[in-house]
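Start at 1 and go down the list; that is how both ligands and their atoms are numbered.
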Amino acid sequence: MKSYTTLLFEQNGKIGIVKINRPEALNALNETVLEELSSIFDEIEADDSIGVVILTGEGRSFVAGADIAAMKEMNAIEGRAFMLKGQAVMQKIETLSKVVIAAVNGFALGGGCEISMACDIRLASEKAKFGQPEVNLGIIPGFGGTQRLPRLVGKGMAKYLIFSTETIGAEEAKAIGLVEKVYPPETLIEEAVKLAETILSKAPIAISACKAAINNGLNADLPTGIAFEAEASATPFGSEDRIEGMGAFLEKRAAAFKSK
Ligand code: CO8
């Protein structure tokens, strides 16, 4: 990996751990963080030695939003360019061929909640806090929040959270479907690694096809989604891993998958 000024990277077997590292600003997303995230996810996509990614934050925050001090100085054109840059990063994470797990260790506000929603699965510390406070600042959740939040929690709850700007804790986030699991802060990363290892033990080609089928299907109506599913099934079905997985089941042994 290249060296980054606002990110830390660690590789543990096939698990890549990306940590946003601007704790003095609670890991707020400025242009540099967005550019570095874009670059590191390109590197991860191209790197066959990484199978699953964990995204987390250094210190007491996951990401406390887009950088308000930086945005304050932007004119409308610069603001739009910044928004597009943020949206592109979220899109890159969402469409990565590998699974990305958000390990939400603290504040996930505004752009922080939005980047967690671009990840495939959200695990949260009991200390995590979620919210979309943008309308307090005269802007909208413009890193995909108006679109991904209703898809996760439903239209009414998304409007409630965005219009009220209420900050909610991890358990409430779990109750509304914004978070999948909640853990004590000290075991969050350990649990994220365990989940990553579980995912890594499955056929990678099938996991990647499931991710694409779910994402593409949610962007379409049901018949189109079902057609995506049929298309997505073809490659895993034709793979050696399918022969291996089915053979292993019938021979009552663990499968040894080979696909990337
Ligand atoms: N941007 C810049 N700096 C920040 C941010 C942020 N989002 N959040 C915190 N910081 C900085 C603080 O300014 C402070 O810096 P300093 O020490 O130099 O004063 C430092 O981090 C520590 O923060 P606090 O002292 O405020 O810590 P507290 O524990 O008292 O409070 C909070 C923590 C509650 C998280 C508080 O910092 C807060 O409310 N932060 C802002 C949260 C917010 O409003 N986030 C949404 C931002 S807007 C956004 O994300 C839009 C995305 C789409 C953009 C579309 C563009 C068009």
Can you name the ring pair (Phe, Tyr, Trp, His ring centres under 6.0 Å) partners of Phe143, sequence neighbours left out? Phe82
Is it the case that Lys92 and Ser38 place a side-chain donor and acceptor less than 3.5 Å from each other? yes
The complete set of salt bridge (Lys or Arg N to Asp or Glu O under 4.0 Å) pairs with one or both residues in residues 134-144, sequence neighbours excluded, reads none
Please tabulate, for side-chain N and O atoms in residues 103-113, each donor-acceptor pair with protein atoms closer than 3.5 Å (sequence neighbours left out).
| unit_1 | atom_1 | unit_2 | atom_2 | d |
| --- | --- | --- | --- | --- |
| Asn105 | OD1 | Thr56 | OG1 | 3.3 |
| Asn105 | OD1 | Gly57 | N | 3.1 |
| Asn105 | ND2 | Gly57 | O | 2.9 |
| Asn105 | ND2 | Gly59 | O | 3.1 |
| Asn105 | ND2 | Ser61 | O | 3.0 |

Can we say Glu244 and Arg253 salt-bridge, meaning some charged N sits less than 4.0 Å from an Asp/Glu carboxylate O? yes
Ordered by chain then number, the protein residues lying under 4.0 Å from ligand 1 by heavy atom are Glu24, Ala25, Leu26, Ala28, Arg60, Ala64, Gly65, Ala66, Asp67, Ile68, Met71, Gly79, Met83, Phe107, Leu109, Gly110, Gly111, Glu114, Pro133, Glu134, Leu137, Ile139, Gly142, Phe143
If you measure from CG on Asp67 to CD on Glu73, what distance do you get to the nearest 0.5 Å? 10.5 Å
